[in-house]
Number of protein chains: 2
Amino acid sequence: MPVRSGTPGMVDVARLAGVSHQTVSRVVNGHPGVRPETAARVRAAITSLGYRRNATARALVTHRSGLIGAFTTPDIDTDRLLSGVEAAVRAAGRTLLITVVDPDDPTGVDRLLDRVVDGHLAVAPTTSLLATLGALPARPPTVIVEGPSHPLGPSVGADHRGAARALTHHLLDRGHRTVHHVTGPPGSHIAAERAAGWRAALAEAGIDAPEPVPGGTGPDTGHAAGRALADRHRAGEPITAVLAADDTLAAGLFHALADAGLHVPDRIAVAGIGDRPESTHLAPALTTVDTGPRAVGERAARILLDMVEGREGTDTTVPATAPRTRASTGHW
Amino acid sequence: MPVRSGTPGMVDVARLAGVSHQTVSRVVNGHPGVRPETAARVRAAITSLGYRRNATARALVTHRSGLIGAFTTPDIDTDRLLSGVEAAVRAAGRTLLITVVDPDDPTGVDRLLDRVVDGHLAVAPTTSLLATLGALPARPPTVIVEGPSHPLGPSVGADHRGAARALTHHLLDRGHRTVHHVTGPPGSHIAAERAAGWRAALAEAGIDAPEPVPGGTGPDTGHAAGRALADRHRAGEPITAVLAADDTLAAGLFHALADAGLHVPDRIAVAGIGDRPESTHLAPALTTVDTGPRAVGERAARILLDMVEGREGTDTTVPATAPRTRASTGHW
DNA sequence: TTGTAGGCGTTATCAA
DNA sequence: TTGATAACGCCTACAA
């Protein structure tokens with residue numbers, strides 16, 4: 001038979017206060033119909049014993065845990081998306097449970113399902129991850145953050161396509177004959193949308209899109225991409241403007257291009273997406289666009305909380321936040 | 001009285017398989033002494049019903065949830081520390097529960113205590129947060145990550161003092177008469193240790209430490225600090241070398257110093273701490289030291305897991321990881 | 001090898 | 001206004 005945990009429970013409080021454990025429950029949960037005097041006695045017993053309500057037992061009987069789960073897969077802006085999610089979840093008095101999912105091995109998904117969470121957030125999920133999730137039996141309300149739309153639940157995301165498109169047009173308007181593209185991580189929905197926006201802008205200008213340079217995230221990846229671009233330049237391909245799928249690529253890009261004698265911005269123009277804080281401070285400052293990842297994360301979490309708490313439609317109808325597209329003052 | 005949740009339980013599986021719910025429990029938990037044939041029937045019922053073990057009910061009776069809680073407060077390297085923690089926790093088949101604590105308002109602490117977690121990680125906690133934690137009644141095993149030592153539990157951290165000291169000596173050896181310091185966030189233990197190392201090195205060289213420049217984290221803060229340094233330089237103070245408490249300050253520092261005509265590295269030398277990936281790609285590359293935050297996070301989590309799972313002393317004895325001090329090849 | 005009984009700490013219902 | 005009682009879904013101990 002099970003053992004008592006050692007920490008005091010409602011029964012202990014009840015005994016000390018000379019009431020039933022049910023009355024303790026009423027006091028703890030602020031239910032009406034308890035004589036003030038009794039409530040005071042109970043409260044005294046609670047502090048004297050250092051009693052804290054057992055969330056597990058509560059969850060067992062109420063079928064809600066106050067926990068929100070987040071699947072996450074490393075991608076562009078995952079950190080800021082999660083930071084927004086965390087803030088909203090915390091503001092709602094709930095706790096966030098984070099599981100990092102390896103896209104190649106989505107076993108972590110199972111683990112999160114074993115826990116009782118009131119709702120799920122799929123942060124920057126790949127299509128295959130969503131498929132895995134969708135194939136599972138009964139799962140709690142789910143909201144997709146920066147992922148492909150899927151019957152699993154509503155999607156919340158910024159207009160990456162529009163942002164990339166606008167930046168590409170911006171470069172073309174500056175007189176460049178074409179714009180090259182360093183992509184984001186393979187399998188990333190955000191990266192795919194940004195690439196699509198770049199392609200769309202070129203198509204609108206009647207330009208054949210040059211072969212994109214495979215990228216990812218981070219300055220080291222950007223450095224590798226910069227070397228690839230420099231090689232193609234050396235091979236005779238005219239390269240004058242580059243749109244990087246992510247700001248974090250920029251420092252490495254600048255570095256590699258400079259090493260190859262392609263100084264930014266004199267010989268080559270570079271724009272990024274994401275408005276990372278460092279972008280203003282690079283030399284030269286990176287032209288970029290803010291896609292508001294923190295706001296997206298917060299919004300997604302709030303939509304999920306609405307669903308979980310049965311508040312219908314407060315926020316659910318609008319599927320995407322408009323990006324606050326502010327281009328930083330670049331050198332060109 | 002409580003309502004059944006709708007999802008199948010052991011009783012449902014048992015009924016379908018024609019056994020008792022106890023036998024189901026045995027099969028699910030891999031206990032011996034079940035006839036293979038019976039086990040197969042149970043397993044068939046499980047898949048057919050899509051049964052999953054209810055972690056809450058399990059936690060209620062076993063007094064262990066499989067959950068590890070992390071308090072976190074925004075600081076230098078919090079992200080990488082957490083990433084290491086997450087990896088180790090996940091590798092152990094457990095789930096991480098993250099709570100961000102506002103150091104000025106540690107109410108989140110209460111929240112995490114309401115949940116049943118098997119162990120706590122205090123990631124980059126302030127002294128006051130530890131005091132709040134320590135004042136609480138019964139709390140689970142705790143490990144402090146990059147925080148001041150405290151009776152709450154073992155501390156794990158890199159040798160920030162040594163790293164800062166070594167870098168300061170490195171600058172002095174290069175002929176600088178003194179080294180200025182841009183500090184990290186106020187209240188940060190990491191920042192305090194790094195400042196102490198800087199002070200120690202100057203003291204060892206018989207130099208009076210110049211007034212440190214208040215900093216924090218991030219390029220924008222670095223930019224502000226750079227302007228402050230430039231002002232002091234303009235006011236006649238000889239400034240030739242700067243140790244930034246954190247790499248993320250560097251880009252902003254470079255930017256502000258360059259704007260003030262103090263080109264790095266010609267007019268002024270700058271070193272950072274933390275070995276962020278972008279540091280290699282700045283112009284010029286930043287001299288820095290790796291303090292292995294991911295490894296520290298992993299190690300701390302493993303120590304906690306040892307404590308939680310009753311594995312004594314596997315790792316607990318050694319309180320700090322040695323930093324892999326590799327200075328990147330800077331320009332000076 | 002399998003089933004029965006009891007209890008983990010809480011909430012909900014009903015009666016007093 | 002308060003208390004008894006029955007779940008929630010599971011695990012441990014013991015009996016069969």
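FYI, side chains are in, hydrogens and waters are out, and symmetry mates aren't considered; it's all heavy atoms of this structure. Residue numbers begin at 1 in each chain, while the letters A, B, ... track the order of the sequences.
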Q: Tell me which residues in residues 32-42 of chain A lie within less than 4.0 Å of DNA chain D, going by non-hydrogen atoms.
A: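 Nucleic-acid contacts, sorted: A:Gly33, A:Val34, A:Arg35, A:Thr38.
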Q: Does the side chain of A:Ser25 get closer than 4.0 angstrom to OP1 or OP2 of C:dT11 through an N or O atom?
A: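 Yes, such a contact exists.
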Q: Does B:Thr23 make a side-chain N or O approach to OP1 or OP2 of C:dG3 shorter than 4.0 Å?
A: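 So the side-chain polar atoms of B:Thr23 do come within 4.0 Å of the phosphate oxygens OP1 or OP2 of C:dG3, strictly under.
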Q: In terms of side-chain heavy atoms of B:Val61, which of C:dG9, C:dT11, C:dG7 is nearest?
A: C:dG7
Q: Just compare C:dT4, D:dG3, C:dT10 and give me whichever is closest to any side-chain atom of B:His21.
A: C:dT4
Q: For the side chain of B:Thr23 and the backbone of B:Val19, is there at least one donor-acceptor N/O pair under 3.5 Å apart?
A: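 No; judged by distance alone, with no hydrogens or angles, the pair does not exist.
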Q: Any idea which of C:dG3, D:dA4, D:dC8 is nearest the B:Arg4 side chain?
A: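 That would be D:dC8.
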Q: I'd like to know if the side chain of B:Asn54 and the backbone of B:Ala57 have a donor-acceptor N/O pair within less than 3.5 Å.
A: yes
Q: Please determine, for the side chain of A:Ser20, which listed nucleotide (C:dT11, D:dC10, D:dG3) has the closest atom?
A: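 Shortest atom-to-atom distance from the side chain points to D:dG3.
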Q: Is the side chain of A:Arg41 donor-acceptor paired with the backbone N or O of A:Ala17 at a distance under 3.5 Å, no angle test?
A: yes
Q: Looking at D:dG3, D:dG9, C:dT10, which one has an atom nearest to any side-chain atom of B:Ala57?
A: D:dG9
Q: According to a strict under-4.0 Å criterion, is B:Thr62 in side-chain N/O contact with OP1 or OP2 of D:dC11?
A: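 Negative; the distance criterion is not met.
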Q: With a 3.5 Å cut-off and heavy atoms only, can you find an N or O donor on one side and an acceptor on the other between the side chain of A:Arg52 and the base of C:dG9?
A: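 In this structure, the two groups form no donor-acceptor pair.
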Q: Return the value, rounded to whole Å, for the distance between atom CZ of B:Arg15 and atom C1' of C:dG3.
A: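 Spelled out: CZ on B:Arg15 to C1' on C:dG3 is 16 Å.
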Q: For A:Val19, report the nucleic acid contact type (base, sugar-phosphate, nothing); a contact means any heavy atom under 4.0 Å.
A: sugar-phosphate
Q: Between the side chain of B:Asp118 and the main-chain N/O of B:Ser65, is any donor-acceptor distance below 3.5 Å?
A: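 Side chain of B:Asp118 to backbone of B:Ser65, a donor-acceptor pair under 3.5 Å: yes, one is there.
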Q: What integer distance in Å separates B:Asp12:CG from D:dG9:P?
A: 8 Å
Q: Whole Å only: how far is the CE atom of B:Met10 from the P atom of C:dG3?
A: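 One finds 14 Å between P of C:dG3 and CE of B:Met10, rounded.
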Q: Counting only side-chain nitrogens and oxygens, does A:Asn29 get under 4.0 Å of the OP1 or OP2 atom of C:dT11?
A: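 Affirmative; the distance criterion is met.
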Q: Quick one: A:Leu60 CG to D:dC10 C1', roughly how many Å, whole number?
A: 8 Å
Q: Find the distance B:Leu49:CG to D:dG9:C1' and express it as a whole number of Å.
A: 15 Å
Q: Is it true that a side-chain atom of A:Asn29 and a backbone atom of A:His31 form a donor plus acceptor pair closer than 3.5 Å?
A: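 Side chain of A:Asn29 to backbone of A:His31, a donor-acceptor pair under 3.5 Å: no, none is there.
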Q: Check whether A:Thr73 reaches the backbone of A:Phe71 with its side chain - one donor and one acceptor, N or O, closer than 3.5 Å.
A: no
Q: Report yes or no: does B:Thr142 contribute a side-chain atom to a donor-acceptor pair with the main-chain N or O of B:Pro140 at less than 3.5 Å?
A: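 Yes: the side chain of B:Thr142 pairs with the backbone of B:Pro140.
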Q: At under 4.0 Å, does any side-chain N or O of B:Arg26 touch on OP1 or OP2 of C:dT2?
A: no
